[in-house]
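Ligands are counted one by one from 1 in listed order, and the atoms in each one are counted from 1 as well.
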Amino acid sequence: MRTRVGIIGAGPAGLTLAHLLRLRGIDSVVLEARSREYVERRVRAGVLEHPTVELLREAGVAGRLDREGMPHHGLSLRFDGTDHRIALADLTGRSITVYGQQEVVKDLIAARLDAGEPIVFEVSDVRPHDAETDQPYITYVDADGAPQRLDCDVIAGCDGSHGVSHAAVPSTTHAHDYPFAWLGVLAKAPPSHSELIYTHHERGFALHSMRTPEITRLYLQVPPEERIEYWPDDRIWDELGLRLAADGFTLTTGPIMEKGITTMRSVVTEPMRYGRLFLAGDAAHIVPPTGAKGMNLAIHDVWVLAEALARYFGEGRSDLLDEYSDTCLRRVWRAQHFSWWMTSMLHQAPGADDFQRRLQLSQLRYTATSTAAATSLAENYVGLPYR
Ligand code: RFL
Ligand code: PHB
């Protein structure tokens, strides 16, 4: 098999890249380790930045997003048992949209299959080869167990943080571990509030988010080595009730449909390229979820890559490809700092002393009461402009 761009991974990065390339007349093949059902059900991110929504609209894949996505014009910082609203739209003229990552994935898979373009699901033993030459190729084993070879001009490594692409790139990795994890639950219960609530509490961080008017998404800060078996549903609701308590607020409960624990890391790979292998999304960088930036960065990367590949295949010029890594990394480091800042301001670090807690509260009060500080949070949260 031969294609121009061999894409490893059918997450938001790989699928969006395949779609943007098709719009530019560039063929690609997407190789995915899991089944279609699995990737369409995987519960992850929920917040789309303004520029992400704009891009999906321009790319013609936002029909359902526009009907079912929930535009949010603000969010709450909750501390000392009180809400402090950050008016995102008033401060920046822009909003975010709450729409599940797996819904974006479903829409992109449908668009690609409707156009008759290939996604090869359930492949194994995927390996990129000869990235440092001008004839790279990928080998893999298909769902029937048959070995295959895909020759291409360029390989896009969009296979996330546990994929094979990251390991194939001899770049420098900058990493930072955080001393906590998030326990996330999806509950069949209407949201308790119309907006997201980021809560600083002495028992630990908590987040109230949502997926639909019937489904709430909630998170609790837990120790990094925590096990989900220690958290029966009753304990989760009790802890959420304690941390999210505020005047006039009632936590709506309901059956928990899913729960899991995610550790928190910051990772940046520099450069995001090795010869003709380009990394995008979580394969190149990971941010802690507090800033809601992971999926948005993945989509920005592939927007930059699609433009660069269009120039390369259309005009034979590699200047944008040569700038790809630097262009992406400027946004990645900004998001990395923002996510680290939100994380440090809101979580209880083990062993933190009274001095550190008072600094945190001072930062929270300043962010909630200064228009300049609130605007800084808001412009990062809704997403800085692409250009
Ligand atoms: P993905 O989504 O991990 O997709 C990679 C795909 O590659 C496949 N794969 C392989 N395929 C072939 N061969 C191999 N060897 C392969 N190895 C892996 C995988 O099966 C998968 O289909 O990476 P991508 O596309 O870069 O997208 C990144 C986002 O998924 C990630 O950044 C976000 O989910 C992070 N994130 C959030 N991001 C936001 O923008 N807003 C949020 O509100 C937000 N909340 C979150 C999050 C991530 C979370 N978890 C679970 C890590 C909340 C949580 C709890
Ligand atoms: C989510 O809804 O899953 C979500 C929202 C905001 C975050 C992280 C996750 O910062």
Check ion pair R365-D80 (N to O, under 4.0 angstrom): yes
What atoms of ligand 1 come within less than 4.0 Å of a heavy atom belonging to N296? 40 (O)
Could you check atom 18 (C) of ligand 1 against the protein and tell me its nearest heavy-atom contact, residue, atom and distance included? D159 O, 3.2 Å
With a 4.0 Å cut-off, would you call E239 and R203 a salt bridge? yes
protein heavy-atom neighbour closest to atom 33 (C) of ligand 1 works out as Q101 OE1, 3.4 Å
Under 4.0 Å between a side-chain nitrogen and a carboxylate oxygen: does that hold for R22 and E117? no
Within 4.0 Å of some non-hydrogen atom of V164, the atoms of ligand 1 are 15 (N)
Polar-atom distance check: G163 versus ligand 1, any N or O pair below 3.5 Å? no
Within 6.0 Å of CD in E315, more than 12 heavy atoms from elsewhere: yes
Protein contact of atom 11 (N) of ligand 1 - nearest heavy atom, named by residue and atom, plus distance: A33 N, 3.1 Å
Quick note on ligand 1: atoms under 4.0 Å from a heavy atom of G281 include exactly 26 (O)
heavy-atom search around atom 20 (O) of ligand 1 in the protein gives E32 OE2, 2.6 Å
A student checking ligand 1 against C158 at a 4.0 Å heavy-atom cut-off should list atoms 5 (C), 6 (C), 7 (O)
Is it the case that the side chains of T199 and H208 hold a donor-acceptor pair, with the cut-off being a distance below 3.5 Å and no angle test? no
Which of the atoms of ligand 1 are close to L31, meaning less than 4.0 Å from one of its heavy atoms? 11 (N), 12 (C)
Within the structure, does V39 bring an N/O atom to less than 3.5 angstrom of an N/O atom in ligand 1? no
Of the options W340, W341, W333, which is the one that meets H337 in a ring-ring contact (aromatic ring centres under 6.0 Å, His included)? W340
Provide the number and element of each atom of ligand 1 under 4.0 Å from a heavy atom of R34. 20 (O)
Partner of F205 by ring-ring contact (aromatic ring centres under 6.0 Å, His included), out of W182, Y219, F180: W182
For atom 51 (C) of ligand 1, grab the closest protein heavy atom and report residue, atom and distance to one decimal in Å. T262 OG1, 3.8 Å
Looking only at protein heavy atoms, which one is nearest to atom 3 (O) of ligand 1, and how far off is it? R44 NH1, 2.9 Å
Do the side chains of R276 and D130 get close enough for a salt bridge, i.e. N-O under 4.0 angstrom? no
Which residue holds the protein heavy atom closest to atom 31 (C) of ligand 1, what is that atom called, and what is the gap in Å? D282 OD2, 3.3 Å
Quick one: which of A167, G9, P12, G260 has a heavy atom closest to atom 27 (O) of ligand 1? P12
Any non-hydrogen protein atom less than 4.0 Å away from atom 49 (C) of ligand 1: no
Side chain D353, main chain Q356, donor-acceptor under 3.5 Å: yes
The closest protein heavy-atom partner of atom 47 (C) of ligand 1 is A45 CA, 3.8 Å
Check the side chains of H166 and S161 for a donor-acceptor pair under 3.5 angstrom, ignoring hydrogens and angles. no
May I ask you to decide whether R358 forms a salt bridge with D354, counting only side-chain N to carboxylate O separations under 4.0 Å? yes
Ligand 1 versus I8: contacting region, heavy-atom distance under 4.0 Å: side chain
Below 3.5 angstrom, do we get any N/O pair linking Y219 and ligand 1? no
State whether K293 and E49 are salt-bridged, where the test is any N-O pair (Lys NZ or Arg NE/NH1/NH2 against Asp/Glu carboxylate O) under 4.0 Å. yes
Less than 4.0 Å between a side-chain N and a carboxylate O, is that true for D319 and R311? yes
Numbered in order shown, the ligand 1 atoms found under 4.0 Å of a heavy atom of A13 are 25 (O), 26 (O)
How about CZ on R24, more than 12 heavy atoms from neighbouring residues, nucleotides or ligands closer than 6.0 Å, or not? yes
Any N or O of P289 that comes nearer than 3.5 Å to an N or O of ligand 1? no
Cation-pi between R64 and Y99: NZ/CZ under 6.0 Å from ring centre and within 45° of the ring axis? no
Is R149 positioned over the aromatic face of Y137, cation under 6.0 angstrom from the ring centre and no more than 45 degrees off axis? yes
Are there over 12 heavy-atom neighbours, none belonging to R357, within less than 6.0 Å of that residue's CZ? yes
May I ask whether G46 places a heavy atom under 4.0 Å from ligand 1? yes
For ligand 2, protein residues within the heavy-atom limit of under 4.0 Å are R44, G46, V47, W182, L196, Y198, L207, S209, R211, R217, Y219, P289, T290, A292
For D247, does the CG atom have more than 12 heavy-atom neighbours from other residues, nucleotides or ligands under 6.0 Å away? no
List every atom of ligand 1 that sits less than 4.0 Å from any heavy atom of V126, numbering the atoms from 1 in the order shown and giving each element. 13 (N)
Any protein heavy atom under 4.0 Å from atom 29 (C) of ligand 1? yes
salt_bridge(D238, R243) N-O dist < 4.0 Å: no
Selection residues 259-317 - residue pairs positive for ring-ring contact (aromatic ring centres under 6.0 Å, His included), sequence neighbours left out: F278-Y324, H300-W303, H300-Y386, W303-Y386
Check: H162 N/O within less than 3.5 Å of ligand 1 N/O: no
Between G294 and ligand 1, is there a nitrogen or oxygen pair with a distance under 3.5 Å? yes
Side chain or backbone, does R217 bring an N or O within less than 3.5 Å of an N or O on ligand 1? no
